[in-house]
There are 2 protein chains.
Amino acid sequence: MKKVTINSVAEYAGVSKKTVSRVLNNEPNVSPATREKVLKVFKELDYKPNPIARGLARNKSFIIGCLYDNPSKSYITRVQSGALEACHKFNYNLLIHPCELRGDELIHNVDQLLTTSRLDGLVLTPPFSDSQELIDFLKTQNIPFARVASALEDDTSISVCSNDEQGAYELTEHLISLGHKEIAFIKGHQDHSATEKRFSGYQNALQNHGIEFNEGLVAQGNFSYHSGADSAKQILDLKPMPTAVFASNDYMAAAVLKLATQRQLRVPEDISIAGFDNAPIARHIWPGLTTIAQPVEEMTRQAVEQLILQISDPSTEVYQKVLEAKLITRESTAAK
Amino acid sequence: MKKVTINSVAEYAGVSKKTVSRVLNNEPNVSPATREKVLKVFKELDYKPNPIARGLARNKSFIIGCLYDNPSKSYITRVQSGALEACHKFNYNLLIHPCELRGDELIHNVDQLLTTSRLDGLVLTPPFSDSQELIDFLKTQNIPFARVASALEDDTSISVCSNDEQGAYELTEHLISLGHKEIAFIKGHQDHSATEKRFSGYQNALQNHGIEFNEGLVAQGNFSYHSGADSAKQILDLKPMPTAVFASNDYMAAAVLKLATQRQLRVPEDISIAGFDNAPIARHIWPGLTTIAQPVEEMTRQAVEQLILQISDPSTEVYQKVLEAKLITRESTAAK
DNA sequence: ATGTACTTTGACACCGGTGTCATAATGTCG
DNA sequence: CGACATTATGACACCGGTGTCAAAGTACAT
């Protein structure tokens, strides 16, 4: 089985390789008869253009990179799944690149990635989507990128996020409507912009319902299950114990639930617990977690799709979108 | 900032591009003085070879593809993490490709992937690592591949797996040693070879301890949480109810735990529950799940590393390895 | 028939590397 | 010191596409 290249196709069809290239790329100025003829040869020889050769000629790789540093595996797989969907639609491929936000090496690390892989663009997921330093670097390097779930104000770069603040507001309101007044809150990782958004949604809801904010009910987590366990201990040890806990993500909420159960507390009778994200674990435990569903796949899908459009036509208008988050009530919250 | 290519380096160093290429690839027949000189220019100009051009010349892409179709997100991220580790070590990249095992399109789908992406090799994860059809296809296409966690007997292709049967045996023995005799079992997905391995480990342990195998205690799952929930219902409805449940993975075990808790059963006092895989969820719920830890990252890391060695030198001996699985006891199992 | 504008086509250089082979430089030994 | 083997180097084609530009073909108006 010999290799089928543009040359063999051209020879077989009796035209020049340039004409074959024209047909391949749907360029104008090919007579219908010629086009037909070449297309037939494509079929006969089962010709598939070599993306590497094309990449060399066009100085493109047709590969999008996805940067992440996130403790939540389910978040990452959801991100990947949305990104892949968009990539496949445009015949791009996805290269995944976990790396650490902290440390001076970030820029160097990304630089390395770019020069060794010749990526056409980057999708930044939290916490990278909030790193001003990284964004500035990418701009100087002229690398197209899109931000997912970023709170940074920058209308010169693509951004798709969901309304974290509103989601947190609704969830808090839900707890308040159930009669809760002492609602503890576990914050997320300091480097993630979502952390402040969710926190202020919580604060605003309290305020608008005439409940005084109490600093003592707030614990600092970092989105990891482990940090949730530490915060849970801190909160459940409070006297009096709050009647509800709102954790900034489901993993931390699961940790609260675990400790509460260990201490023989009944959930939700003795204490209500809520999370954020609607991660799989939220419905895999008992009681299921009341939470906020974020459209992670959809955010990433749109971000990557826009990124690819931007790459193929840099004059495309910069896309900025805020998607809605949705309250999901399960068994972990109940009236006081 | 101009582009630095092999040509500019050659010109700047006053040598031919071929000599630069020699230095780049550590080829012999370059005088130490010349090599030194060229290396210095590399540094001065901050030269990075273009992998696409190299790929075209060598007919290589330096990309490994990873095929998966697995309901467990944590399994997938663990696979990816091991694969990435090996890829980065050899300056390869990883392309992820979720696809469906079922359907006639599998071969076509993979064929498509290969021709459009020019992958240098494929890592097959369950259930693909057990698909004889796919393996035969890859062999005819002469595509290097490595199997992860496959039970298929084929000493002509790279394989790294863990000892599922022994793990299941040990876990069952653990339950028996706690005094359990009615141990229910939830099987995994029929397409996964691990399913039969784990099942026979369970059966063998029963037999060696003089406990009669009872078909009625076996439920058919498919590794998904949902199937675990169905099986849980079936098992907890049995009269008399078994005193222990061994699910073929942690997600299904978590589903059993959830239903048991919903029914006010105390775990492990009323019923012991065990899983397999040591997925994150095993320690995120209460009580924590007794389970078998599989070295997923390590399996994949070794598989990909060997795959790359195989690619760079096809005469490399075919690597086949079985890693050990390890019993992890937590709170979900106790004496009867 | 001729001029003009537009469409179609192909020759050829180029992207940035690698492989082949001829040639130049150097080393070895009688 | 000359004959020969060995090492170092570069010229050039090639991988499989795309971009540029000139030339050939076609349509239409005058």
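All values derive from a computational prediction rather than experimental measurement. Throughout, a chain's letter reflects where its sequence line sits, starting with A, and its residues are numbered from 1.
- Rounded to a whole Å, the NZ atom of A:K48 is 20 Å from the C1' atom of D:dC15.
- Atom pair A:L56:CG and D:dG19:P shows a separation of 12 Å (rounding to whole Å applied).
- Between B:Y319 and B:E305, the side chains place no donor N or O within less than 3.5 Å of an acceptor N or O (distance only, hydrogens not considered).
- Atom CD of A:E36 and atom P of C:dT8 are 15 Å apart (whole Å).
- A residue-by-residue look at B:R58 and A:G14 shows that A:G14 has its nearest nucleotide of DNA chain C further toward the 5' end.
- The interatomic distance linking A:I6 (CD1) with D:dG16 (C1') rounds to 7 Å, in whole Å.
- A:I63 is not listed as a side-chain neighbour of A:L94, based on a closest heavy-atom distance of 4.5 Å or more.
- The side chain of A:T34 approaches C:dT9 more closely than any other nucleotide in the set D:dT18, C:dG17, C:dT9.
- Heavy-atom distances under 4.0 Å link DNA chain D to B:K18, B:T19, B:R22, B:N29, B:V30, B:S31 of residues 18-33 of chain B, given in residue order.
- A:K139 and A:D154 are joined by a salt bridge, as a carboxylate oxygen and a charged side-chain nitrogen come within less than 4.0 angstrom of each other.
- For the pair B:K89 and B:E85, the salt-bridge criterion is not met [side-chain N within less than 4.0 Å of a carboxylate O].
- The nearest whole Å value for the distance from the NZ atom in A:K3 to the C1' atom in D:dC15 is 7 Å.
- A:P49 comes within contact range of the sugar-phosphate backbone alone, with a heavy-atom separation under 4.0 Å but no base atom that close.
- Side-chain atoms of B:Q132 and B:D136 include a donor-acceptor pair closer than 3.5 Å.
- Nucleotide C:dG19 holds its P atom 11 Å from the CG atom of B:N59, rounded to whole Å.
- When distances run from any side-chain atom of B:K17 to the nucleotides C:dG17, C:dG16, C:dT9, the shortest one goes to C:dG17.
- Note on A:E36 versus A:K40: no salt bridge recorded, every NZ/NE/NH1/NH2 to OD/OE distance being 4.0 Å or above.
- In this structure, B:N7 places its CG atom 13 Å from C1' of C:dT18, rounding to the nearest Å.
- Taking atom NZ on B:K60 and atom C1' on D:dC14, their separation rounds to 19 Å, with Å as the unit.
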Evaluation steps, side chain to side chain donor-acceptor pair (under 3.5 Å), between B:Y92 and B:K60: CA-CA 11 Å; B:Y92 271 67; B:K60 286 199 52 175; 2.5 Å; yes

